[in-house]
Number of protein chains: 2
Amino acid sequence: MTDSTRNARRPRRGRPGKPAGDDGGDARRRLLQAAAGQFAAAGFAGTSLRAVARDAGVTPAMIAYYFGDKAGLMEAVLVTGLDEVLGALEAALDDGGGDSAPALERFVAAELEALTSHPWIPRIMVQEVLSKDTPLRQVFVDRFASRALALVRPAMAADLAAGRLRADLDPRLVILSVIGMCVFPFLAEPLLGPLVGYRIDDDFAGEFVPHTLALLAQGLGAKS
Amino acid sequence: MTDSTRNARRPRRGRPGKPAGDDGGDARRRLLQAAAGQFAAAGFAGTSLRAVARDAGVTPAMIAYYFGDKAGLMEAVLVTGLDEVLGALEAALDDGGGDSAPALERFVAAELEALTSHPWIPRIMVQEVLSKDTPLRQVFVDRFASRALALVRPAMAADLAAGRLRADLDPRLVILSVIGMCVFPFLAEPLLGPLVGYRIDDDFAGEFVPHTLALLAQGLGAKS
DNA sequence: CTTGTTATTAAATGAACGATTAATTAATAT
DNA sequence: ATATTAATTAATCGTTCATTTAATAACAAG
């Protein structure tokens with residue numbers, strides 16, 4: 001499906017040499033975009049550079065030219081997306097710091113909205129960063145995880161001190177549960193979307209953020 | 001790491017022919033075990049049959065003999081594990097039906113305990129079933145998802161009728177959030193385990209089940 | 001105009017992979 | 001005893017892959 005829909009776009013492959021005019025510099029961006037989609041859909045090992053190059057309308061040699069090798073391409077894809085998400089998280093948590101909503105609520109909302117714009121990030125993460133001990137993991141830790149945790153932990157401590165967070169829960173496990181609630185729908189959408197009945201489009205965050213906040217605020221139990 | 005630790009076990013590969021005595025029938029089981037580990041760690045495309053066979057102490061031709069081809073091996077791995085998990089869920093939800101804990105609580109506890117015994121299942125699912133439209137997906141839906149949902153949905157309805165579940169939440173999204181909370185720690189353990197501070201061993205369910213139930217029961221908010 | 005740099009292609013290389021086949025041995029049935 | 005079946009290895013085939021190399025064309029600077 002991914003093939004047949006995108007294939008007919010670039011049927012002709014030109015003669016060697018620098019292309020004329022306004023196409024210049026575009027190939028790198030198209031390669032990143034094609035690679036993000038294919039890495040998310042088929043994983044690192046399951047993605048062939050030939051297919052990425054074909055999707056981007058260039059030859060595989062261009063990947064070596066711009067990114068060195070396959071791992072370099074994956075790294076470029078990942079850091080490009082992660083930087084954008086981290087920026088959104090920083091903006092949401094540094095916000096004033098005064099009387100706004102509890103920090104964990106702002107964190108959840110910002111994360112869900114950022115992921116809605118980059119739905120391939122969780123899939124690449126789980127497939128290539130979470131389970132395997134690849135060089136990418138260090139990139140992820142340094143470039144994203146450590147900074148994100150540095151934002152969240154003091155915010156949680158502030159919530160706790162202000163009495164806006166239960167004191168009898170293990171903070172480690174709270175982080176785990178909250179991240180899981182936020183990230184899992186993006187992982188499972190291709191299967192559970194049709195089955196349960198949801199779709200990740202521009203409106204998804206608008207629907208899922210209130211639900212998640214309501215669930216986190218009071219749990220599942222009926223009001224007594 | 002996976003290589004060097006498991007490698008030295010079966011250094012010698014015998015002469016051709018049926019092995020004598022009590023080894024018979026063991027190769028199939030060892031292949032399933034080795035394949036589960038490698039599929040979970042490296043994904044379907046990232047796993048080579050040569051490596052699985054080496055890990056199991058046989059030749060790659062044995063995989064064709066027992067499972068036909070690579071896809072058949074993966075399918076056998078998956079259904080073997082899923083059947084065991086489904087059995088645990090059925091046992092937990094069919095339990096009497098009387099005055100025990102809310103069904104969603106029993107579901108959560110049973111799922112977490114079953115996954116603790118088969119921690120590779122969520123990783124294979126996310127990597128090979130959730131995101132890609134492979135033949136495995138139908139296997140998963142028929143063999144597990146449809147039956148599990150058939151167990152959960154009436155149980156949730158009963159909870160709702162008995163006033164043990166908030167009526168103002170979207171049931172579709174509740175299922176999504178609950179599954180995400182349960183499954184995500186298994187996906188993220190290789191990365192977040194050392195970082196956040198938890199390990200999936202025999203005691204994990206004993207620690208995580210009470211936390212999850214407490215969080216689901218009342219949410220994060222401090223008691224007023 | 002020439003010279004160098006940048007961006008691109010076509011073609012070749014070598015390794016790894018999944019799958020197949022033929023040979024081989026043990027167990028079992030006749 | 002003998003034939004048949006079950007379980008296993010060794011060897012190899014054809015394919016696909018990532019990567020490398022050499023050639024080529026546009027463009028910029030002198």
Side-chain angles (χ1 to χ4, degrees), chain A residues 3 9-32 34-35 38-39 41-77 128 134-136, chain B residues 3 9-32 34-35 38-39 41-77 128 134-136:
Chain A
D3 272 7
R9 283 197 322 186
R10 289 230 154 209
R12 55 208 168 112
R13 196 105 31 90
R15 300 187 313 295
K18 187 169 184 173
D22 47 9
D23 282 22
D26 203 40
R28 196 192 132 97
R29 191 181 45 78
R30 287 203 312 273
L31 276 172
L32 277 178
Q38 299 208 11
F39 281 140
F44 182 77
T47 295
S48 91
L49 297 187
R50 289 165 156 87
V52 172
R54 189 179 342 116
D55 204 4
V58 296
T59 44
M62 294 300 304
I63 294 170
Y65 182 74
Y66 281 119
F67 306 102
D69 58 6
K70 195 180 182 181
L73 173 61
M74 171 63 106
E75 179 174 330
V77 165
E128 308 307 329
T134 99
L136 277 183
Chain B
D3 271 8
R9 282 196 322 187
R10 286 231 154 209
R12 54 207 169 113
R13 197 103 30 88
R15 300 184 316 291
K18 189 168 182 172
D22 48 8
D23 283 22
D26 202 40
R28 196 190 132 96
R29 191 181 46 77
R30 286 203 312 274
L31 276 173
L32 277 177
Q38 299 209 9
F39 281 140
F44 182 77
T47 296
S48 91
L49 298 186
R50 288 166 158 87
V52 172
R54 189 180 343 116
D55 203 4
V58 296
T59 44
M62 295 300 304
I63 294 170
Y65 182 72
Y66 281 118
F67 307 103
D69 58 6
K70 196 181 182 182
L73 173 61
M74 170 64 105
E75 180 174 331
V77 165
E128 308 308 328
T134 99
L136 278 183

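At the phosphate of dT8(C), OP1 or OP2 sits under 4.0 Å from a side-chain N or O atom of Tyr66(A).
Shown here for Glu128(A) and Thr134(A), the closest heavy-atom pair between the two residues is O-CG2, 3.3 Å. Pairing each heavy atom of Arg30(A) with each of Val58(A), the nearest pair is NH2-CG1, 3.9 Å. Thr59(A) and Ala53(A) make their closest contact through C-CB, 3.6 Å (heavy atoms, listed as atom of the first residue, atom of the second, distance).
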Protein proximity profile, nucleotides 16-22 of chain D - base contact B, sugar-phosphate-only contact S, no contact -, cut-off 4.0 Å on heavy atoms:
-BBBB--
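Atom CZ of Arg30(B) and atom P of dA7(D) are 14 Å apart (whole Å). When the C1' atom of dT24(C) is taken as reference, atom CE of Met62(B) falls 14 Å away, rounded to whole Å. Arg54(B) places its CZ atom 14 Å from the P atom of dA10(D), with the value rounded to the nearest Å. Regarding Leu31(A), its CG atom lies at a distance of 13 Å from the P atom of dA7(C), rounded to whole Å. As a whole-Å value, the separation of Phe67(A) CZ from dA7(C) P is 12 Å.
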Please determine whether side-chain contact (heavy atoms from CB on, under 4.5 Å) holds for the pair Phe67(A) and Met74(A), giving the CA-CA distance in whole Å, both sets of side-chain angles, and the decisive distance to 0.1 Å.
CA-CA 9 Å; Phe67(A) 306 102; Met74(A) 171 63 106; over 6 Å; no
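Between atom CG of residue Asp26(B) and atom CZ of residue Arg28(B) there is a gap of 12.0 Å, rounded to the nearest 0.5 Å.
Taking the screw axis at each terminus of the helix from dC1(C)-dG30(D) to dT30(C)-dA1(D) from five consecutive base pairs, the angle between the two is 10° to within rounding of 10 degrees.
When distances are taken from the side chain of Val58(A) to each of dA10(D), dA7(C), dT9(C), the shortest belongs to dT9(C). Listed nucleotides dA10(C), dA10(D), dA7(C) differ in distance to Tyr65(A); the shortest reach to its side chain belongs to dA7(C).
Within the 4.5 Å cutoff, the side chain of Lys70(A) has no heavy atoms near those of the Ile63(A) side chain. Inter-residue side-chain proximity for Tyr66(B) and Leu32(B) is flagged as unmet; no heavy-atom pair is nearer than 4.5 Å.
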Distance-only donor-acceptor pairs under 3.5 Å for side chains of residues 44-52 of chain B, two or more places apart:
residue  : atom : partner  : partner atom : Å
Thr47(B) : OG1  : Gln38(B) : O            : 3.0
Thr47(B) : OG1  : Gly43(B) : O            : 2.7
Ser48(B) : OG   : Ala51(B) : N            : 3.0

